[in-house]
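Computed from a predicted model, the values in this text were never measured in an experiment. Below, chains carry the letters A, B, ... as their sequence lines are ordered, and counting in each starts from 1.
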Amino acid sequence: MSVGKKGRILVVDDEYGIRTGVHQLLELEGYAVEEAQTGRDALAALERRPFDLVLIDYRLPDIDGLTLLQAIRSREFDVMTCMITAYANIETAISATRQGVDFFLPKPFSPEDLIGVVETLLRHKAVRQEAEELKLAHEASLLELASEKSQTHSLVENLRDAVLVVNRSGEVALVNRAMASLLDSEEGRLLRQPAEAILSGERFTPVRDALATPAPGRTLFDMEIGERQYMVSLSPFHSAKRDLLGHILTISDISEIRRLALEKSRFIRTMIHEFRSPLGAIKGILEVALDRSLGGSLDAYLPLLDRAEKRLDGMVELIGNLLSLSRIEMEKRGGASTRPIDPTPVLNEVGELYRERVQARSLTFAATVEPDLPGVCVGAEDLRIMLTNLIGNAVKYNREGGELGVRVSRAGGEARIDVSDTGLGIRAQNLPHVFDEFFREKRPETREIEGNGLGLAIVRRLVERASGRVEVSSTEGAGSTFTLFLPLGA
Amino acid sequence: MNAQKRILFVDDDRDFLASQSIYFRSRGYDVLTAASGEEALRLLEQEVPDIMILDLMMEHFDSGFRLSHQIRKNERLKEVPLVMLSGVATATGQRFDGEAEGLRRWSQLDAFLDKPITGRQLLKVIEEKTGAAR
């Protein structure tokens with residue numbers, strides 16, 4: 001019910017006694033009641049606010065009850081109507097019914113009659129309203145269902161995996177774009193074709209075999225087409241009553257996953273080699289010492305033991321680098337800070353770290369930072385690791401008495417950090433590989449230099465994580481310059 | 001007592017070469033070392049050792065195989081026992097995949113041993129292959 005405690009009723013009668021009597025009676029019953037003396041007043045009242053029921057006297061001073069009814073219907077007020085008249089004859093009843101009156105109450109009537117009629121009509125209205133709401137809800141859910149269906153359809157259509165649904169008679173019931181392209185065809189041409197015919201050629205033999213003798217559950221197997229690897233899944237699907245309706249075939253391209261897995265196992269292989277070499281060396285040295293191969297004096301073994309210690313340091317560094325790599329890998333998303341930092345303190349810290357080694361090799365170290373440079377968008381710890389690796393390399397691969405320079409400047413909208421040395425340089429053909437994991441240039445001059453080939457790989461990953469990049473330029477025998485480009489803060 | 005046996009070690013790990021040299025020299029062997037395949041081939045132009053111990057993974061993952069193949073092409077070196085050391089064979093869970101087995105035949109190896117290896121273990125192999133058991 002729209003308004004009032006039990007409903008809102010409009011009483012339309014020009015006869016004062018009846019109008020007020022009905023008004024009072026209904027108000028006592030808990031209805032909200034308004035009065036109108038004429039047809040026009042009644043229409044005006046209906047325009048003003050919604051009513052649940054209009055009680056209309058057949059005889060009104062301006063327009064008769066039938067005309068009022070017609071006006072109410074034509075203006076589509078959502079209201080129940082009841083005609084009250086003393087001239088209860090068949091013709092008026094028929095005319096009123098034609099105008100869509102809901103009830104016809106002849107005068108005279110008892111209060112009980114009136115209340116009974118009002119209650120019935122209002123109940124009808126409630127039922128009608130409820131039906132209307134149900135209908136709307138039903139239509140809405142149909143719409144929703146249709147849109148859900150189309151969503152599901154476009155979902156399947158745009159899946160990266162190739163999907164084919166085959167009905168019980170082995171015909172294609174559904175096929176998506178990825179499957180069509182895998183079959184070098186178009187979806188429209190594949191529908192309702194026998195699955196066996198469209199999965200033609202030797203490359204689909206395992207799929208045809210699986211479809212020809214389907215297992216009761218899901219079948220999974222790998223397949224190769226050309227250079228690419230696929231995982232094939234074939235599952236039966238059933239109706240609610242558990243009748244077999246057909247099969248769903250999906251073919252997923254797993255080449256990239258395979259490639260990553262292969263890359264990972266290559267990485268592990270190399271890593272194991274990188275651990276076994278120093279282990280073998282240390283083991284050999286210890287064996288010689290325990291064996292007293294060089295006699296009883298400890299001094300004879302000191303150079304060897306010194307080497308063993310260096311090799312152990314190398315292993316500790318390798319572990320540290322491997323941990324850094326795995327940390328970067330795990331933090332890839334959202335790990336780096338984009339808050340701009342001042343690179344100077346980090347640069348000073350790393351410079352301090354290498355001071356002794358710089359002096360030991362008689363290197364000239366020069367660091368400059370462009371004044372008024374806005375902050376650099378990189379995590380301070382990440383920058384420290386990058387500079388440690390780059391400056392460490394510049395020290396290691398430099399020539400005795402050479403120069404080492406670090407320059408922080410602005411290049412366009414980016415910060416540019418150059419780390420340059422005057423050392424061995426890198427052969428041109430090796431430049432594309434220097435950032436690869438475990439890559440080390442094997443040259444007679446590099447043989448004595450310790451390293452595990454992970455430092456630059458770490459630098460590249462860190463700089464890329466900060467949305468920057470690293471570049472290298474080098475001349476064999478003259479030196480190298482590594483350049484980091486990083487976003488500048490506002 | 002046999003004449004002094006001569007061992008050639010080829011390995012890019014200089015510390016390994018150093019310890020093996022000391023270990024075997026202290027046992028009366030003559031030890032030659034080379035830190036690369038190239039260096040080994042140069043040395044072998046003059047020398048014919050009694051046994052050669054090669055590291056598989058030097059400049060490349062299969063440097064040892066290439067080197068042994070080169071050595072076997074030389075008439076003078078055809079009969080010299082060849083032992084290959086590898087640090088990756090057991091680590092991958094498969095001692096030889098099909099390809100490596102083919103490579104082993106191609107390079108005509110006498111033994112294939114895992115690294116890290118001790119002088120003690122090597123000594124046994126060397127004595128056995130050179131008939132130098134004393």
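Here the OG1-CG distance, from B:Thr118 to A:Asp291, works out to 10.5 Å after rounding to the nearest 0.5 Å. Distance check, rounded to the nearest 0.5 Å: CZ of B:Arg27 to OG of A:Ser293 gives 5.5 Å. Note that CG of B:Asp13 is 8.0 Å distant from CZ of A:Arg307, once rounded to the nearest 0.5 Å.
Contact of B:Arg14 with chain A is made through the side chain alone, with heavy-atom distances under 4.5 Å. The part of A:Arg311 that comes within reach of chain B is its side chain, from C-beta onward, which places non-hydrogen atoms under 4.5 angstrom from that chain.
Shown here is A:Glu309, whose CD atom has no more than 12 heavy atoms of other residues, nucleotides or ligands within 6.0 Å. Heavy atoms from other residues, nucleotides or ligands lying under 6.0 Å from CD of A:Glu256 number more than 12. The neighbour count for A:Glu202 CD, taken as heavy atoms of other residues, nucleotides or ligands under 6.0 Å away, does not exceed 12. Counting non-hydrogen atoms of other residues, nucleotides and ligands closer than 6.0 Å to CD of A:Gln359 gives a total above 12. Taking a 6.0 Å sphere around NZ of A:Lys310, one finds it holds 12 or fewer heavy atoms contributed by other residues, nucleotides or ligands. Heavy-atom neighbours of B:Lys124 NZ from other residues, nucleotides or ligands within 6.0 Å: at or below the threshold of 12.
Shortest non-hydrogen contact noted between B:Pro116 and A:Lys283 is CB-CD, 4.2 Å. When every heavy atom of B:Lys115 is checked against every heavy atom of A:Arg276, the shortest pair comes out as O-NH1, 2.6 Å.
Counting heavy-atom pairs under 4.5 Å between each of A:Ile285, A:Val288, A:Leu304 and chain B puts A:Val288 at the top.
Side chain of A:Glu287 to backbone of B:Gly119: a donor-acceptor contact under 3.5 angstrom is found.
In this structure, B:Asp12 pairs ionically with A:Lys442, as a charged nitrogen and a carboxylate oxygen lie closer than 4.0 Å.
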